[in-house]
Number of protein chains: 2
Amino acid sequence: MTPASAPAARTPLNRARVVAEALATADEAGLESLSMRSLADRLGVVPMALYKHVSNKEELLDAMVDAVIREIQPRDVADDWKEAAREQVMAARRTMLQHPWAWRAIETREAPSPAALDRMEAMIGTLRSGGLSAPLVHHVMHTLGSRLWGFSQEVFATGPQPTDPQAAQEAMEMMAARWPSVLESAMSTLHQQDTAVGPGCDDETEFTFALDLILDAAERLHTQGWTPGPRSDGATRVGAP
Amino acid sequence: MTPASAPAARTPLNRARVVAEALATADEAGLESLSMRSLADRLGVVPMALYKHVSNKEELLDAMVDAVIREIQPRDVADDWKEAAREQVMAARRTMLQHPWAWRAIETREAPSPAALDRMEAMIGTLRSGGLSAPLVHHVMHTLGSRLWGFSQEVFATGPQPTDPQAAQEAMEMMAARWPSVLESAMSTLHQQDTAVGPGCDDETEFTFALDLILDAAERLHTQGWTPGPRSDGATRVGAP
DNA sequence: ACCTGAACACCGTTCAAGT
DNA sequence: ACCTGAACACCGTTCAAGT
């Protein structure tokens, strides 16, 4: 039907379109809605067609994560290393708030993508520029963990609270009876729903508290001339358990 | 065939057996090998039989996580709150080293199980006993994050290193060219494979560095009379981004 | 040479039919 | 009343057959 010289009416599939549509699906409907079959449907092709452009689903997720990490754009800040490091992490967080599915995809990647290595290179460079030793920077990067990528793993995200007032009352009474300290702790701080990555209480206040605690501690250890080996508090700690 | 008065030759299925066999499967073959169908096979029953004892796979995983968390048994230590808190976390870590699949199951739970609440109650109680205020304890619990459960999320676990010497050499040269600081940082610290939870470098050294950093910082904030509100370093920080 | 329908080897879970 | 085979509604991926 179509003349051989004219391209097909449908835009030909390519890797960029596949990844872009996958990102759109995750943004709109969540990561659990993304399957190779549903993605093929959205693109109006047969599932097998996708395998021309990504070798499998894991590679598609790799590409999606790479694209999201590439969106992280720290603002230019003063040349204080700690403030610069803080801004880089907060920039990552801004990106994660825009892609609520991304943290789940990031934490299942096996190796860092090029964009991830670029991000790590920038962060490590910033910390080293402050004079922190390579081993200290290495430990600080581990201590930051997922916070480098703008989220903190909320292990037991306090799930959706019971909306029924009576059920809420009963849950509270059970907590008070068996877990009074947990209840007191939960009540002691209000959480901001609107600045949280995902469910639970990984909100701005908790995130910045932990971030500043880590960066301040890193600065202190550096100033005190930390070196690898014994515990920083001076207690002896020799040998494996 | 079997007299009606005698029990069936096969031990009748019950919830405890289902959960125990699921734990054994995960310990032996990993969490990815655990399916409702494979578990039923191991127990010599039809898949549907499991649904008499667990309402679905998520509830089975809940029960498995509850059982593992119940295994965490901190040793009795001196009445110093920081040393007690440290031992509780290290006890969790010892348990995770014995069940390498457990961290993946824990991080996908939606709500804390009774055993998890008991663990949190003990930890919060210990921190409060040191005189730390309820809001400070709340923030410290968030800062600990998954470390409370004995693991730290290794976001980009440096995957299996290339065993082929030439491939390793090439990878190193590529890193040196594009990500020199990442390479320098990686080279600066050796990791202990035998004390790591899962792949990557969540080993004893990294884990205790971060744990001590957090507990030391908590102690310092407490001593300095930390109260909720402005940033601990005195910098002003008002309003949302 | 290129594309793809059908199939393969799985999932978790439902449900009606059988004893 | 109890149990379960077959089926449902999915997966990701392979592969041989068709054009």
Side-chain angles (χ1 to χ4, degrees), chain A residues 1-19 21-26 28-65 101 104-105 108-110, chain B residues 1-19 21-26 28-65 101 104-105 107-111:
Chain A
M1 293 286 203
T2 314
S5 57
R10 194 178 302 284
T11 318
L13 214 55
N14 56 44
R15 190 183 163 95
R17 269 192 73 216
V18 170
V19 175
E21 200 70 26
L23 288 168
T25 304
E28 290 164 21
L31 203 56
E32 74 285 356
S33 301
L34 180 70
S35 73
M36 296 300 273
R37 294 167 114 104
S38 70
L39 181 58
D41 274 355
R42 269 179 76 121
L43 288 161
V45 297
V46 82
M48 249 305 287
L50 301 176
Y51 288 83
K52 290 261 132 174
H53 305 102
V54 290
S55 59
N56 51 43
K57 193 181 179 180
E58 282 299 294
E59 205 202 87
L60 173 64
L61 287 166
D62 288 346
M64 293 169 69
V65 165
W101 53 270
R104 277 258 169 242
T108 54
R109 292 314 86 206
E110 296 211 334
Chain B
M1 292 280 204
T2 315
S5 57
R10 193 178 304 284
T11 317
L13 212 57
N14 57 46
R15 189 183 163 97
R17 270 192 74 216
V18 170
V19 175
E21 199 71 25
L23 287 169
T25 304
E28 290 163 21
L31 203 56
E32 75 284 356
S33 301
L34 180 70
S35 73
M36 295 300 273
R37 294 167 115 103
S38 69
L39 182 58
D41 272 356
R42 269 179 76 122
L43 288 161
V45 297
V46 82
M48 247 307 286
L50 301 175
Y51 289 82
K52 288 263 131 169
H53 305 101
V54 290
S55 58
N56 51 44
K57 193 181 181 181
E58 281 299 294
E59 203 203 90
L60 174 63
L61 287 166
D62 288 346
M64 292 169 70
V65 165
W101 53 269
R104 276 257 169 244
E107 71 176 14
T108 53
R109 292 314 86 207
E110 295 210 335

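Residue numbering restarts at 1 for every chain, and letters A, B, ... go by the order of the sequence lines.
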Task: Between C/dC3 (C1') and A/Leu13 (CG): distance, integer Å - done: 13 Å
Open item on the list: With heavy-atom distances below 4.5 Å as the criterion, would you say the side chains of A/Glu58 and A/Arg109 are in contact?
Closed with: yes
- [ ] Could you say whether A/Ser38 or A/Met48 is positioned toward the 5' end of DNA chain D, judged by the nucleotide with the nearest heavy atom to each?
- [x] A/Ser38
Open item on the list: I'd like the C1' distance from D/dA7 over to C/dC11, given in whole Å.
Closed with: 14 Å
- [ ] Specify the separation, in whole Å, of atom CG of B/Asn56 and atom C1' of C/dC11.
- [x] 14 Å
Task: Closest to the B/Val46 side chain, choosing from D/dT4, D/dT13, C/dG5 - done: D/dT4
Open item on the list: Is any side-chain heavy atom of A/Thr108 closer than 4.5 Å to one of B/Arg104?
Closed with: yes
TODO: Choose from D/dG5, C/dT13, C/dC11 the nucleotide whose nearest atom is closest to any side-chain atom of B/Pro47.
DONE: C/dT13
Task: Pairwise C1' distance for C/dA9 and D/dA9, with rounding to whole Å - done: 16 Å
Task: Base-pairing mate for D/dC11 - Watson-Crick or G-U, with both contacts under 3.5 Å - done: none
- [ ] Could you check A/Lys52 against B/Ser55 and say which one's nearest nucleotide on DNA chain C is further toward the 5' end?
- [x] A/Lys52
Open item on the list: Looking at C/dT14, I'd like to know if its phosphate oxygens (OP1 or OP2) sit under 4.0 Å from a side-chain N or O belonging to B/Tyr51.
Closed with: no
Task: Rounded distance (Å) that lies between atom C1' of C/dC10 and atom CE of B/Met36 - done: 16 Å
Open item on the list: Work out how far the C1' atom of D/dT14 is from that of C/dG12, and round it to whole angstrom.
Closed with: 23 Å
Open item on the list: Could you tell me how far apart A/Leu34 (CG) and D/dC10 (P) are, to the nearest whole angstrom?
Closed with: 16 Å
- [ ] Let me know the distance between CD of B/Glu32 and C1' of C/dC11, rounded to the nearest Å.
- [x] 15 Å
Open item on the list: I need the CG-C1' distance between B/Leu50 and C/dT13, as an integer number of Å.
Closed with: 12 Å
- [ ] Quickly work out the B/Asp41 CG to C/dC10 P distance and round it to whole Å.
- [x] 11 Å
Open item on the list: Between B/Thr25 and B/Leu39 (side chain of the first, backbone of the second, donor and acceptor by atom type, cut-off under 3.5 Å), is there such a pair?
Closed with: no
- [ ] If C/dA16 has a Watson-Crick or G-U wobble mate with both distances under 3.5 Å, name it; if not, just say none.
- [x] D/dT4
TODO: Determine the interatomic distance between C1' on C/dA16 and the same-named atom on D/dC3; round to the nearest Å.
DONE: 12 Å
Task: Close side-chain approach of B/Val54 and B/Asp62, heavy atoms under 4.5 Å - done: no
Open item on the list: Expressed as a whole number of angstroms, how long is the span from B/His53:NE2 to D/dC3:P?
Closed with: 8 Å
Task: Test log, rule side chain to side chain contact (heavy atoms under 4.5 Å, CB included), inputs A/Met48 and A/Tyr51 - done: CA-CA 5 Å; A/Met48 249 305 287; A/Tyr51 288 83; 4.2 Å; yes
